[in-house]
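Just so you know, residue 1 is the first one in the sequence shown, and it goes up from there. Indexing begins at 1, ligand by ligand and atom by atom, following the structure's order.
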Amino acid sequence: MIYFGIDAVLLLVCLMHAPSVLGRAAPPFTVRGDFQLVVDKITVPASAGDLLEGDRIISWNSRSVAFPEMLEFYADQSVIDQRADIGFMRDGTHQRTGITAVAYYQSPRFLFVSFLVGMLTWIVGVFILFQRQKSSSADVLHSALIALAVSIMTTWGRLDASSWISAGTRLLFFLSYAFTPALFLLFVMNYPLRHSGYLRGKSLALISIAASLSILQTYFHLAALYGEPADHYSSFQRWYNIFNIYLLLCYVGMVISLIRSYRRSVRTADKQRLEWILWGFCASPIPFVLFIKLPQLFGITGGLIEEELTTLFFLLIPFSCAISLVQYNLVDIRLVINRSIVYASLTLFAGVIYFLTVLLAVTTFDNETHFKDYLSIGVLIFLIGLILNPARKRIQRLLDLVLFPARVTFRTTTAGIRESLRHCMTVDEVMKTASDHLTKAFPYDSFAMYSYLPDTLVLKEMRGGVYPAEVSLSDEDETAVRSGSVIAASSAFAFQRNDIAGDASSLLERMDGVFCVPLLSKSNTIIGVLTGKSGARSGKFTEEEADLILSLCSDTSQTIDRLTAQEQMIVHQEEKKRAQELSNLKSYFVSSVSHELRTPLTSIRMFAELLRNGNRLSRKRQEEYLAIIEGESSRLTNLVENVLDFASIERGGKEYQLKEINPTDFLQRAAKAMEYQFAQRGSTLKLTMQKKLPEIMGDPEALEQVVINLLSNALKYTLTSAPVSLRAKAVRGVVQIEVADRGIGIPKNELPNIFKNFYRVRHPDLRQIGGAGLGLALVRHIVDAHGGTITVRSIVKKGSTFTVHLPIHKARSL
Ligand code: ADP
């Protein structure tokens with residue numbers, strides 16, 4: 001309450017000051033020059049006495065005038081229509097004339113604007129006091145706002161040396177003017193988070209600077225008023241200039257401090273609070289800088305518009321601070337700082353630049369023209385505007401590209417996305433590419449792509465944020481996703497539309513996104529979803545942005561659909577190819593096997609018939625024929641066994657009965673079984689075996705078949721009657737069985753293939769030699785099953801050696 005009392009008293013003093021603003025007097029002429037005050041213009045000729053433009057002012061009522069501000073100081077002490085005695089120099093002679101002081105402000109507009117701004121600021125200050133009574137930030141802001149209001153309302157007015165109110169308001173003005181920036185700086189340094197400790201020192205320093213500056217200014221000002229003006233007023237002026245530097249430093253400090261707090265703050269609410277203040281501080285001086293200060297740099301005194309109009313914009317500061325403190329979520333500040341504002345400022349800025357360029361050009365060419373003819377300037381502005389329009393458009397596009405890439409590059413972005421998706425080969429690649437494009441189009445936002453497994457969404461890609469690795473789906477969620485429409489929280493999009501509906505907010509919460517776009521296939525099965533949220537910088541998604549996201553999702557679904565279809569087609573083709581291969585194999589197998597079977601069968605039948613009809617055959621012949629029948633049937637048996645074994649291996653049902661055996665037995669049996677074939681070919685088998693071969697673990701029948709197959713190959717592929725040797729010995733833990741021939745040999749490049757199923761070396765001689773390409777495949781299988789290895793050495797036309805290594809059974813051999 002005490003605060004409010006002080007505020008009210010201050011307001012009262014300000015209001016009492018109002019008449020002196022209206023009563024402020026000015027000389028009827030203006031001057032130029034810093035040290036020699038030359039009359040620049042006679043503003044009210046009737047009141048200016050004998051003065052002419054170009055006269056040099058020396059004194060005001062016999063008191064010397066050293067610089068322009070002093071003239072103002074003396075005028076301030078006069079009353080409107082009061083006469084004053086002016087001493088001046090003309091043509092080297094000292095002259096005097098009487099002038100009449102005129103009104104400083106032509107209309108009460110200045111008073112009106114300042115008091116409007118001042119009172120509104122005062123009201124905001126009091127409002128904050130009542131809203132947030134216990135917050136120290138609110139206290140500081142309240143003081144800052146009241147100081148600002150007071151400094152605006154106690155602006156320069158008539159100085160009455162005899163009135164204590166006049167001196168009092170001057171003191172108040174210097175105090176409030178000096179404390180305003182210090183208090184604002186204190187406020188932003190502690191906002192939105194209050195710092196303790198080290199800032200206290202800074203606060204003290206700030207307050208002391210503000211206090212000293214205001215005291216010094218007041219002292220010299222009052223000293224000039226009551227004492228010798230010539231000495232003290234220049235000191236006052238010096239302190240006033242220093243004060244301006246302090247003002248600028250405080251302002252820069254505020255902006256830097258705000259930006260720093262903004263970058264450090266983690267919570268969105270804090271950021272939003274700071275955005276409001278930043279906006280207020282940055283936007284409010286823009287008109288002042290653009291319309292007053294910049295033109296002044298170009299030599300236009302008074303600026304482009306009346307200064308008091310730009311003062312109105314300073315109201316943004318109290319209001320934005322109040323909103324930030326009391327209700328930061330009043331409106332979405334990010335919508336306030338959106339594209340249109342950027343465009344507007346840009347256009348305004350461009351306009352001012354055109355204007356200044358024109359002014360500069362005119363000043364350069366014609367110093368005398370003082371731009372009274374605003375119409376011609378307007379036309380020039382328009383023309384230059386036309387010429388510069390392409391540049392303006394380019395700037396706008398550039399700006400958009402940086403700030404809102406998705407909105408500007410909609411068409412090129414969608415085309416680019418489609419093109420890169422076209423090159424994707426896998427579903428994962430599609431999701432990655434789509435996410436990459438999203439990040440490029442929405443640099444400030446975050447997205448995640450999920451693929452669908454029944455009841456669950458599995459995270460595939462995430463950009464710009466962290467999302468859960470898995471999200472389980474309830475039946476309800478599934479139905480919502482399957483419906484195809486976008487599920488969105490109210491904070492997601494800045495517009496409403498029919499295809500954006502749904503309220504599966506629990507799903508959104510679990511996914512930690514503000515929207516969820518389903519990815520559906522043509523047949524309406526769920527492929528996955530895209531979820532995301534907008535970053536603090538970009539606000540809600542606009543309709544264009546949402547459309548871009550939707551189009552990207554539909555392209556992604558289509559691409560995944562296409563890939564799945566292609567995959568299915570490839571699988572189908574593979575299956576077809578495999579079926580074809582199998583059928584080819586089958587017919588090849590049938591023809592080669594039947595061919596193989598026919599030869600022994602023919603001879604068996606033939607010799608059997610010869611036996612039946614040949615009563616007169618000698619005993620020896622009969623024996624011979626019977627041996628042939630026996631030999632051929634054993635060859636048949638071997639072949640049939642190979643085929644049957646192969647079939648059972650293919651079915652995966654082949655099992656071997658391993659037991660402890662001595663290799664000598666199956667080696668001898670194999671040699672015996674092959675005796676007939678060797679004899680028939682007029683060839684010989686040389687069997688060399690180490691005397692006591694160690695025992696091995698093996699299936700004797702299978703191993704016998706290994707040896708028979710190797711021997712029959714050796715015999716088959718030796719076109720001469722060169723002997724074949726079968727050797728067996730124990731070497732370094734294995735029994736080594738070697739079958740060597742001096743036959744046609746195998747080309748080096750074919751060696752890796754000969755153990756494959758149905759593989760036969762393409763050789764012109766081989767056509768006469770029968771075979772199904774199964775023998776070695778079986779050998780390899782059996783050897784592998786025994787934990788052994790098989791190697792082959794071969795030289796074409798010289799012969800081949802197949803060596804089988806079978807591990808010795810440790811228990812016995814050790
Ligand atoms: P098949 O003898 O029924 O054609 P195999 O699987 O027994 O089938 O042999 C595969 C291929 O290996 C044969 O087609 C043959 O070209 C080659 N081959 C096997 N053993 C020998 C050998 N001792 N000398 C030359 N070539 C051989």
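- Not counting sequence neighbours, the partners of Glu675 by the salt bridge (charged side-chain N to carboxylate O under 4.0 Å, His left out) test are Lys672.
- Listed by first and then second residue, the side-chain hydrogen bond (donor to acceptor under 3.5 Å, both in side chains) pairs involving residues 551-568 are Arg418-Asp555 (not counting sequence neighbours).
- Using cut-offs of 30° and 60° on the angle between ring planes, the pair Tyr625 and Phe607 is tilted.
- To the nearest 0.5 Å, atoms NE2 (His805) and CD (Glu738) are separated by 8.0 Å.
- Contact annotation: for Phe802 versus ligand 1, heavy atoms closer than 4.0 Å belong to the side chain alone.
- Within the set Tyr717, Tyr759, Phe755, the minimum heavy-atom distance to atom 13 (C) of ligand 1 is found for Tyr717.
- Of the N and O atoms on the side chains of Tyr467 and Ser446, at least one donor lies less than 3.5 Å from an acceptor on the other residue.
- Ligand 1 places these atoms under 4.0 Å from at least one heavy atom of Gly775: 5 (P), 6 (O), 7 (O).
- At a heavy-atom cutoff of 4.0 Å, ligand 1 is contacted by the backbone of Leu774 but not by its side chain.
- Among Leu639, Leu751, Val761, the residue whose heavy atom lies nearest to atom 16 (O) of ligand 1 is Val761.
- Other residues, nucleotides and ligands contribute more than 12 heavy atoms inside 6.0 Å of the CZ atom of Arg482.
- When only modelled atom types and interatomic distance are considered, Asn662 and Thr664 share a side-chain donor-acceptor pair under 3.5 Å.
- Listed by number with element, the atoms of ligand 1 under 4.0 Å from a non-hydrogen atom of Ser800 are 22 (C), 24 (N), 25 (C).
- Atoms of ligand 1 lying under 4.0 Å from any heavy atom of Gly773, numbered from 1 in the order shown and given with element: 1 (P), 3 (O), 4 (O), 6 (O), 8 (O).
- Of the heavy atoms in Lys716, only side-chain atoms (C-beta onward) come closer than 4.0 Å to ligand 1.
- Contacts of Ile746 with ligand 1, taken as heavy-atom pairs under 4.0 Å, involve the side chain alone.
- Near Arg760, with a cut-off below 4.0 Å to any heavy atom, the atoms of ligand 1 are 1 (P), 4 (O), 14 (O).
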